[in-house]
Amino acid sequence: MSDFLGGGWSIYIALVALLGIFWCIWLLFSQRKAKVVHTADGAVADTGHVWDDDLRELNNPLPGWWKWMFLLSCIFGLFYLVLYPGLGSYPGILGYSTDGALMSSMTTANDELKPVYAKYVKMDIEQVAADPKAREMGQRLFLNSCAQCHGSDAGGAKGFPNLTDGDWLYGGAPENIKTTLINGRGGVMPPFGAVLNASQIQDVTNYVRSLSGLPADDLKATRGAEVFKANCVACHGADGKGNIALGAPNLTDKIWLYGASEETITETLTKGRIAMMPAQDKVLSPEKIHLLTAYVWGLSNNKPTPVTK
Ligand code: HEC
Ligand code: HEC
């Protein structure tokens, strides 16, 4: 109940709820005194409403059981509002909240699953990745927590790395992947639009394309190599093969996070790129992160390593 913008709304809502209940009780008692009208022969008079020719609405008092049920539900409502949240932002004396109930049911579920996970926590990532049951659990976790960004087949999308290709921004060893999951990652490619002029950007774009054997203008690429040496090697390395400590991608392979067209590379250089892999340590238990690490590691290590690359 923390959604109210100000205390005034909270009081207003609480008053509406309370007055509603008291109005119901007042209505019950105010109608109690209504006189029952009798006809001349002593029968109860009807209200004058007649349906289906002969169905008359009599003017009897409310039955006792109904009156008491009505009153009890009003009292139940009042007790409920004292115990549980319902009166504006007043939390109720039991301190119940749907957030709290969700957290405690998640904690219970995690505790119940602990023995199931315990077996895998003691195993190496390589061993867990080889276990079909663990892979199945890992895949389910992946579909729940990761697929919205990396795709249900972990194949990635523009700006979201493919996790199946054996090419890693931050390293593909089990401990690298686990660190990625626990702490998250934030890759920053700084913008060079204000540092380099348009022709320097064009030159270095051609040089970057030449690194992976894409068609490029030789003259521009040669000039671009100098621009690269002066501005890019600190992060992407002298050979352009990247740096997993910074998440700077290898520019010499044919795998692109954003794209290899001249247009896209120019955009990457001019505006820079920022990517965010959210930390999972507050979201997933260490056991789940262990299973996910094995699942992700296994995606690119389930095939024999290609001999040439
Ligand atoms: C909100 C989107 C988002 C979600 C959710 C997400 N990721 Fe990521 N992930 C990213 C982005 C973006 C990057 C690239 C970060 C960068 O470029 O610096 C990334 C990077 C990674 C990397 C590093 C890849 C490499 O090449 O080194 C791994 C591994 C990874 N994610 C696994 C996961 C797993 C497992 C989950 C589920 C627990 C997950 N991600 C959930 C967006 C997401
Ligand atoms: C401060 C470190 C740093 C410097 C300096 C830097 N980069 Fe980057 N670059 C990165 C990072 C980190 C990424 C990945 C960004 C992400 O994860 O979104 C990146 C991404 C790129 C990409 C996108 C690759 C792809 O797969 O789509 C290109 C191209 C690139 N850099 C070229 C350059 C060039 C050319 C220069 C020099 C003019 C340069 N970078 C300077 C860190 C750097």
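None of the values given here were measured: they were computed from a predicted structure. First listed ligand is number 1; within each ligand, the first listed atom is number 1.
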Checking a contact table here: which protein heavy atom is nearest atom 41 (C) of ligand 1, and how many Å away? M277 CE, 3.7 Å
To check your reading of the model: name the closest protein heavy atom to atom 27 (O) of ligand 1, its residue, and the distance in Å. Y170 N, 2.8 Å
Heavy-atom check, side chain of L292 versus side chain of L181, under 4.5 Å: yes
What is the closest protein heavy atom to atom 35 (C) of ligand 1, and at what distance does it sit? L181 CD2, 3.3 Å
Relative to atom 25 (C) of ligand 1, which among L292, L169, L163 owns the nearest non-hydrogen atom? L169
Give a yes/no verdict on whether any heavy atom in A234 is under 4.0 Å from an atom of ligand 2. no
Less than 4.0 Å is my threshold; does some heavy atom of G159 fall inside it relative to ligand 1? yes
Which part of I244 is near ligand 1, with near meaning a heavy atom under 4.0 Å away: side chain, backbone, both or neither? neither
shortest atom 14 (C) of ligand 1-to-protein heavy-atom contact is with P161 CD, 3.4 Å
What protein heavy atom sits nearest atom 36 (C) of ligand 1, and how far off is it? C146 SG, 2.7 Å
Contact partition for M276 relative to ligand 1, non-hydrogen atoms under 4.0 Å: backbone
Give a yes/no answer: is there an N/O/S atom of H236 under 2.8 Å from atom 8 (Fe) of ligand 2? yes
Please check if L78 and Y84 belong to a single hydrophobic cluster, counting links between Ile, Leu, Val, Met, Phe, Trp and Tyr side chain heavy atoms closer than 4.5 Å. yes
Using a heavy-atom cut-off of under 4.0 Å, does the side chain or the backbone of L269 touch ligand 2, or both, or neither? side chain
With a 3.5 Å cut-off and no angle check, do the side chains of H236 and K241 form a donor-acceptor pair? no
Around atom 23 (C) of ligand 1, find the nearest protein heavy atom and jot down its residue, atom name and distance. T180 CG2, 3.7 Å
Closest protein heavy atom to atom 4 (C) of ligand 1, given as residue, atom name and distance to 0.1 Å: C149 SG, 3.3 Å
If you have a sec, work out which protein heavy atom is nearest atom 26 (O) of ligand 2 and how many Å separate them, to one decimal? L257 N, 2.7 Å
Between I177 and ligand 1, does any nitrogen or oxygen pair lie at a separation below 3.5 Å? no
Using side-chain heavy atoms (C-beta onward) and a distance below 4.5 Å, is Y117 in contact with K119? no
Does any N, O or S atom of M189, backbone or side chain, fall under 2.8 Å from atom 8 (Fe) of ligand 2? yes
